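FYI, side chains are in, hydrogens and waters are out, and symmetry mates aren't considered; it's all heavy atoms of this structure. Quick caveat: nothing in here was measured; it's all calculated off a predicted structure. Residue indices begin at 1 and follow the sequence shown.
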Amino acid sequence: MGVELREDEAAFRTIGDRDLIDSYLVYRARDTLCSVSSLEKFEPLAQGDTEDYRQLLSAMNPEELGANEVAMLVTNLKALAGAVAYIDNVLHNELLSAIFKMSLWNYKPDVMDALIEFIESLATSSGKYVDDCLAMLTCQFFPPGSLPLPKILARKDGVLSRVHSSLKYIADLVPLSPVRLVPIVLDGKPQYRFNNTSTLSLVIYVENMLKLESGMLGEVVRIPMLAGVVDLLLDLDVEIGWEDIKNDSSKGIFEMELEDVDESRDDDLNDDSELPRQLSRKTLGGNSFAEKLDSLMVLTFEHLESCQVADRLIKIFDTLLESFKKTVLTAYKSKFAQFVIFYACSLDPKNCGVTFALMLEHTFFSSTNPPLLRMSAVAYLASYLSRAKFLSVFVVAGTLERLVDWCVKYVKMQDDAINPEAHRIFYSGCQAIMYLLCFRMRSMMDDPQLKPWLVRLPLESILNNKLSPLKVCLPSIVLEFLRQAKAARLFMTSEKFNFDDYLESELSREFGGMERLDMFFPFDPCLLKKSDSYIRPNFIFWSMVQPTYDDEDSSDEDVGEAFAGDDDGGMDYGIMQSLEEQHFDFAEVGSALNKMSITPKDSLHSRFGGAINQPMRMPSRIRPSTSPESL
């Protein structure tokens with residue numbers, strides 16, 4: 001075994017009976033395996049090794065791989081495939097180790113097929129070899145680091161198609177193998193923290209995980225594969241430090257979505273050239289974790305698209321949603337991984353899009369959930385409803401109404417003054433309402449059915465009370481909301497606000513806590529270049545929002561002044577008088593209007609005071625110095 005055929009063996013070849021030749025080679029393989037004496041079980045090959053067995057070991061590790069060596073390797077593997085019953089995991093450990101270390105990527109199809117045949121025979125012959133065989137196959141999910149890129153691309157389909165066919169073959173004959181495959185795949189991911197792990201290796205590995213998810217191995221594999229991909233995305237996300245995405249040492253690009261854009265450049269901006277995307281090329285371009293995450297997210301987006309085409313999106317969305325709830329929702333340093341579920345919702349707004357919003361609602365409303373989880377949920381909810389272009393404005397209105405109702409009930413049960421820490425859940429709800437209306441107020445006021453309903457919302461009772469949410473929530477959101485509410489004649493207040501810092505305040509920092517959930521806007525513009533191209537068509541940028549006020553509305557009045565001095569009394573009383581006779585029913589409403597398309601021209605270049613009457617810049621992401629820390 002492992003040497004050229006002797007004269008008696010050559011005789012079989014002249015007969016032309018291929019089956020007879022194969023049978024003889026299998027017999028020789030059995031004889032070679034049995035030649036390793038069982039007496040040497042605890043000291044393999046110390047004395048009982050044979051010449052044929054040494055030749056066999058040598059054939060598994062040839063110094064050169066010429067035509068003769070390839071033919072010998074194929075012959076030996078095929079012979080061993082027929083003699084797996086005679087393999088002992090102790091006596092033949094060196095032989096098994098040599099075979100399990102072989103990579104399909106290094107061989108041509110004839111060797112690949114022979115190696116796969118041996119692995120399948122070994123895995124189905126005895127349960128004690130199943131895990132080793134599965135591990136050997138999953139090691140093929142990423143190519144050797146020494147293999148040149150052209151060879152990787154040329155051999156990729158041939159290698160991976162054989163691997164997945166083999167996994168299916170083993171699963172058919174060993175029903176429990178899919179259960180044992182899951183931890184092997186999840187634990188076998190390339191170490192992305194190491195610099196020598198290329199983006200290509202990670203992409204190919206995740207591509208195989210997603211192929212298992214959509215394969216024929218059953219739910220026992222599908223569910224953990226998709227969850228494992230989300231976990232990997234989040235792991236990479238967390239590795240990207242806030243300091244890695246800082247524009248300069250004094251000011252982060254996440255302070256404001258349009259900050260520091262001068263008027264001349266602001267005039268040139270359009271919906272396809274947002275500042276955050278330009279900054280991302282400069283600040284994240286050299287970050288290896290960001291590059292890997294970007295590529296993996298694009299791969300996941302494409303997988304979601306294929307699921308939609310195959311009518312599987314709703315089925316896998318349940319898994320995606322559960323994974324989001326367990327990992328992403330509770331990870332307060334997540335920056336980009338959440339856009340996977342955003343994109344899934346954009347592919348099916350009526351089902352996935354609405355389901356996601358309802359899950360976030362339920363998480364916020366549930367009093368049994370921890371406060372930080374509820375605050376995170378409502379931050380996601382407000383950001384999602386504000387940014388998702390694909391959602392009907394009436395879906396947004398329905399959620400807004402339920403948020404307002406919850407806040408109204410909360411206020412009625414309280415007899416307390418300002419206390420940012422004690423009432424942090426309430427303040428997070430109020431901030432979500434104001435943030436959402438900053439993006440959606442104009443589209444609602446422009447709709448003849450939604451306008452009377454919006455005017456009827458009891459905003460006065462939740463914003464003007466002893467808890468004073470207007471003083472506690474982020475000044476930038478409060479001031480933009482008040483300005484739009486005044487122009488829309490939606491809300492009035494007699495107070496004036498003199499914030500020292502339009503972005504944040506001492507009270508907002510207190511209610512946000514050390515996690516700074518007061519400044520957590522998870523669906524702000526995606527800074528990953530390739531991922532952004534998928535998100536952008538379904539995304540509402542602040543530059544696209546048409547507020548309720550016009551540029552010429554600016555005056556020296558403070559937005560906090562009472563409306564009572566206005567000539568028309570501050571409210572549209574014709575609408576107010578008709579409210580008693582109207583009842584708004586969301587179920588009867590058709591498709592949403594999409595009227596948020598005009599980019600505001602004015603820019604805010606100074607702190608609150610001199611520029612209060614200029615259009616406000618909505619906070620885009622958390623400043624690196626105040627980024628939320630993971631719990």
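With contacts defined as side-chain heavy-atom distances shorter than 4.5 Å, the pair L527/D532 does not qualify. Looking only at side-chain heavy atoms (C-beta outward), L381 and L385 come within less than 4.5 Å of each other. Two residues are said to be in side-chain contact when any heavy atoms from C-beta on lie closer than 4.5 Å; F365 and R374 fail this criterion. At a threshold of 4.5 Å between non-hydrogen side-chain atoms, the residues E305 and L313 do not count as touching. Between T138 and N208 the shortest side-chain heavy-atom distance does not fall below 4.5 Å. Put simply, the side chain of R222 does not reach to within 4.5 Å of the side chain of T319, judged on heavy atoms. Taking the side chain as every heavy atom from C-beta outward, K350 and F390 never approach each other to under 4.5 Å. In this structure the side chain of F141 never reaches within 4.5 angstrom of the side chain of S201, judged on heavy atoms.
Side chain of E361 to backbone of T399: no donor-acceptor contact under 3.5 angstrom is found. The backbone N or O of T363 lies less than 3.5 Å from a partner atom in the side chain of N369, making a donor-acceptor pair. Judged by distance alone, with hydrogens and angles left aside, the side-chain atoms of Y205 form a donor-acceptor pair with the main-chain N or O of V185 at under 3.5 Å. With hydrogens and angles disregarded, a donor-acceptor distance shorter than 3.5 Å links the side chain of Q484 to the backbone of C438. Between the side chain of D294 and the backbone N or O of K530 there is at least one donor-acceptor pair closer than 3.5 Å. With D348 contributing its side chain and A344 its backbone, the two residues share no donor-acceptor pair below 3.5 Å. Remark: the backbone N or O of I240 is paired with a side-chain donor or acceptor of K335 at under 3.5 angstrom. Not one N or O on the side chain of S383 forms a donor-acceptor pair closer than 3.5 Å with the backbone of A379. Judged by distance alone, the side chain of D237 and the main-chain N or O of F336 form a donor-acceptor pair under 3.5 Å. Side chain of T330 to backbone of K326: a donor-acceptor contact under 3.5 angstrom is found.
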Please walk me through it: do R483 and E480 pass salt bridge (Lys or Arg N to Asp or Glu O under 4.0 Å)? CA-CA 5 Å; R483 187 160 190 254; E480 175 66 18; 5.3 Å; no
Using the salt bridge (Lys or Arg N to Asp or Glu O under 4.0 Å) rule, take D446 and R442 through it: C-alpha gap first, then chi angles, then the decisive distance, then the call. CA-CA 6 Å; D446 285 348; R442 177 63 178 265; 3.1 Å; yes
Checking K325 against E322 for the salt bridge (Lys or Arg N to Asp or Glu O under 4.0 Å) test, could you report, in this order, the C-alpha distance in whole Å, the side-chain angles of both residues, the deciding distance, and whether it holds? CA-CA 5 Å; K325 289 165 61 177; E322 283 299 314; 3.4 Å; yes
Yes or no on ring-ring contact (aromatic ring centres under 6.0 Å, His included) for F356 and F324, after CA distance, side-chain angles and deciding distance? CA-CA 10 Å; F356 180 56; F324 174 87; 5.2 Å; yes
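Here the rule is ring-ring contact (aromatic ring centres under 6.0 Å, His included) with F523, and of Y343, F539, Y380 only Y380 fits it. With C307 as the partner, the side-chain contact (heavy atoms from CB on, under 4.5 Å) test is satisfied by one option alone out of R312, K315, E302: R312.
For the residue pair E213 / H303, a side-chain donor-acceptor distance below 3.5 Å is found, with atom types taken as modelled.
The six-membered or imidazole ring of F521 lies near that of Y435, with a centre-to-centre distance under 6.0 Å.
Distance CZ/F439 to CD1/I540: 8.0 Å, rounded to 0.5 Å. Distance check: L329 CG to I341 CD1 gives 9.5 Å after rounding to the nearest 0.5 Å.
The two atoms that bring R387 and P525 nearest to each other are NH2-CD, 3.7 Å, heavy atoms only.
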